[in-house]
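In the text below, chain A, chain B and the rest are named by the order of the sequence lines, each starting its count at 1. Heavy-atom basis, side chains included; hydrogens, waters and symmetry copies ignored.
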Number of protein chains: 2
Amino acid sequence: MTTRRPTIDDVARLSGVARVTVSRVLNGGPNVRDEVRSRVMRAVEALDYKVNPQARGLAGGSSRLLAFVFASDPENDPNSYYESALELGALRGCLALGYQVLVQNVPNQTPDCHKRVLELITTQRCDGLILSPPYSDDVALIEAVLAQGCKVVTVSPGGPAKNRFDGVGVDDEAGGYDLARELLRLGHRRFGFIAGLEGHLSADLRLKGFQRALAEQGLGEGDYAMVRGDFTFRSGTHLAPGLLDHPLGPTALVCANDDMAAGALSAAHARGLSIPKDLSITGFDDAPVAAIVWPPLTTVHQPVKVLGQRAVELLVARLTGVDIAPEPVFHQLEHAVVSRQTTAAT
Amino acid sequence: MTTRRPTIDDVARLSGVARVTVSRVLNGGPNVRDEVRSRVMRAVEALDYKVNPQARGLAGGSSRLLAFVFASDPENDPNSYYESALELGALRGCLALGYQVLVQNVPNQTPDCHKRVLELITTQRCDGLILSPPYSDDVALIEAVLAQGCKVVTVSPGGPAKNRFDGVGVDDEAGGYDLARELLRLGHRRFGFIAGLEGHLSADLRLKGFQRALAEQGLGEGDYAMVRGDFTFRSGTHLAPGLLDHPLGPTALVCANDDMAAGALSAAHARGLSIPKDLSITGFDDAPVAAIVWPPLTTVHQPVKVLGQRAVELLVARLTGVDIAPEPVFHQLEHAVVSRQTTAAT
DNA sequence: CGCTTCCATGGAAGCGCTTCCAATTGGCAG
DNA sequence: CTGCCAATTGGAAGCGCTTCCATGGAAGCG
């Protein structure tokens, strides 16, 4: 059964070169004649040789292991589309690059969450971390990680972290703005806003863009009501009624993500409202749920899977130092308002 | 900045013992005096020592790495709740056991999918694999993996694999049976069945249980129509109309999972049917979507996250050989029919 | 009381790789 | 023709851990 796998020495012997030369070829090192390089490659093929990542990591000091850190509470059922899609994209990004990603669920808000993230470096020897919100805005954490010599890419940072560290994301402020413009165009003037969790700064940017569009029309704080949810469907169902009963009498409910919008939609159904005739509702992300609910949700599309993939690519570039400037890079991808059937003229 | 981490030799020196003794303590080996053991542990604490997994893997020949293999096409957006939840459970299971899981998306149906799964062993040196459907029914693949000396746990196997290898799952046949009983009790006698993908044997068991319940009432092949979907919302929307137009005139649509049921529900809405008055619809899994759609879906609950966690626990038990019999083990968890609002008397 | 057996510990070897540095070669300017 | 440099290759030394085997002493036995 389990026959011993060939080692680098087997390859060296078969191709008639020294072990170091094989190592050079395998790692794309310079100063190897083409003839030797191809001879080695042929031996690799012939033996079906694969490098042993443990040995490489031990000798070379790098594990080629990344960690994808997300914060949601694992006991709460609906692990969100946002995180799943990010992860899937990261997985896809790793495939081509020869890296592996360790998915790590570290509930934040717990006192030891910083410690748990930092332990990924010491116990797993990860070379780099991908931090999703709200960790992507935690400057103290990021600096602590960087101080350990571990690289970081932030996903959807929304505050000061955005300019100080490598990151990927969309322009959330512009997304909120664009959505608000659409609603204003439809004649809406009084709004309810279901914001996201405190500390998720990118979600707050959506609100900020929304406010900017309002201000352009001379509308201000008196023209909308805001509450905070936790991005879950459930919080949408719980919070929508309060907003609907608000003295303002909002004609549109703007939600910081699709799950909460779906919850709001469900709550609206429950009180017999006809959507979008009686009330407009919008989400953010363009998650699958946006197309599943009835009527399908108007939302802002963001390419979450691509974000995950780009995060890996950026992190690996930073790790290998190829094709990358020393100063922080932010990859901003395109968003787009997707008008479906939960919005209408008032 | 990056100061060198303490090694096992630092611990040995500080506690005044040899390196091997520290190793013994760390691995719970026998033949160490309690006094020595605690002295070593104190040194470990003092230095904040963590074993280097690369070194341990290289020297010991085991990586403490598991792979969670799932099959869905990464280009298809809605990576299903089933797989996400399984993964989350597996992650949680690893936490306590000191193992890590590498999540691997290997689209099946491609000619090289066996090769890609086997490469997890050679390339990543995984000690064990968790195979989700349909890989959990692929006897040839499982035997090939086992032949490499890598352990396997199957999730929701439905065919011969169920008795031959370690696995976790619910009794899908009984789930289908229970659901059918409920529908029969409500007076339904003509059914449409949206089955799952070919080769997902556990999903077929649901149909089998359903048929058994029908047979008990003297109903047979002439009393239901069946089509196959691919477990996505979209396939539910596409397939439901055909079933509704079937000459049989089904009064209930039974779907192999919740996403397809949600799709069927949406299709029913689109043609103006009132659910559950005009038509009953059922799903399977009790995914979050079941509670999100309107009206909420009657379905069969299965504890998917716990399944993922149990899979890890079983795999690690098999790997370490503790607390486990040599013959294959199947952990069967409880399912439960959840009657919500898409089912009513006909 | 001499013998085996068991327990607790340590020494040495080596897992499979990379990194550092030395050695050899060929080319080319002086 | 000599010297020097760059290109190419290899030898040796580990990375931090576990496994194998040897050692010494305490305990058990006829």
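- Between B:Arg37 atom CZ and C:dC7 atom C1' the separation is 13 Å, expressed in whole Å.
- At whole-Å resolution of the value, CG in A:Asp9 and C1' in C:dG16 are 8 Å apart.
- Stem regions annotated for DNA chain D: C:1-30 with D:1-30, counting only runs of 3 or more consecutive pairs of Watson-Crick or G-U type with both contacts under 3.5 Å.
- Summarising the geometry, the separation between CG on B:Leu47 and P on D:dG16 is reported as 14 Å, rounded to the nearest angstrom.
- A pairwise comparison of heavy atoms in B:Asp137 and B:Ser156 identifies OD2-O, 4.5 Å as the closest pair.
- Within 6.0 Å of CD on B:Gln332 lie more than 12 heavy atoms contributed by other residues, nucleotides or ligands.
- Between B:Asn27 and D:dT18 there is a side-chain polar atom (N or O) within less than 4.0 angstrom of OP1 or OP2.
- The nearest whole Å value for the distance from the CZ atom in B:Arg125 to the C1' atom in C:dC15 is 10 Å.
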Task: side-chain hydrogen bond (donor to acceptor under 3.5 Å, both in side chains) evaluation trace for A:Arg56 with A:Asn27 - done: CA-CA 11 Å; A:Arg56 170 184 274 172; A:Asn27 295 291; 3.3 Å; yes
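- Taking 4.5 Å as the limit, every side-chain heavy atom of A:Phe165 sits out of range of all side-chain heavy atoms of A:Pro328.
- Just one of A:Leu14, A:Asp10, A:Leu26 meets the side-chain contact (heavy atoms from CB on, under 4.5 Å) condition when paired with A:Tyr49; it is A:Leu26.
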Open item on the list: Could you walk me through whether B:Val22 and B:Val25 satisfy the side-chain contact (heavy atoms from CB on, under 4.5 Å) test, starting with their C-alpha distance in whole Å, then the side-chain angles of each, then the deciding distance to 0.1 Å, before giving a yes or no?
Closed with: CA-CA 5 Å; B:Val22 177; B:Val25 171; 5.6 Å; no
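- The separation between B:Leu26 atom CG and D:dT19 atom C1' is 15 Å, rounded to whole Å.
- Here the CD1 atom belonging to A:Ile130 is positioned 9.0 Å from the CG atom belonging to A:Leu314, to the nearest 0.5 angstrom.
- For the side-chain hydrogen bond (donor to acceptor under 3.5 Å, both in side chains) condition, the pairs that include at least one residue of residues 116-136 of chain B, sequence neighbours left out, are B:Ser63-B:Asp127.
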Can you pull every protein N or O that's under 3.5 Å from an N or O on nucleotides 8-11 of chain D?
{"from": "D:dT8", "atom 1": "OP2", "to": "A:Asn31", "atom 2": "OD1", "distance (Å)": "3.4"}
{"from": "D:dT9", "atom 1": "OP1", "to": "A:Arg33", "atom 2": "NE", "distance (Å)": "2.8"}
{"from": "D:dT9", "atom 1": "OP1", "to": "A:Arg33", "atom 2": "NH2", "distance (Å)": "2.9"}
{"from": "D:dT9", "atom 1": "OP2", "to": "A:Arg33", "atom 2": "N", "distance (Å)": "3.1"}
{"from": "D:dG10", "atom 1": "OP2", "to": "A:Ala18", "atom 2": "N", "distance (Å)": "2.8"}
{"from": "D:dG10", "atom 1": "OP2", "to": "A:Thr21", "atom 2": "OG1", "distance (Å)": "2.7"}
{"from": "D:dG10", "atom 1": "O6", "to": "A:Arg24", "atom 2": "NH2", "distance (Å)": "2.9"}

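- For the pair B:Ile8 CD1 and C:dG11 P, the interatomic distance rounds to 14 Å; values are reported in whole Å.
- Taking both residues in full, the closest heavy atoms of A:Ser23 and A:Ile8 are given as N-CD1, 3.8 Å, listed atom of the first, atom of the second, then distance.
- Computed from coordinates, the B:Arg4 CZ to D:dC15 C1' distance equals 10 Å when rounded to whole Å.
- Atom P of nucleotide C:dG14 and atom CG of B:Leu58 are separated by 14 Å, given to the nearest angstrom.
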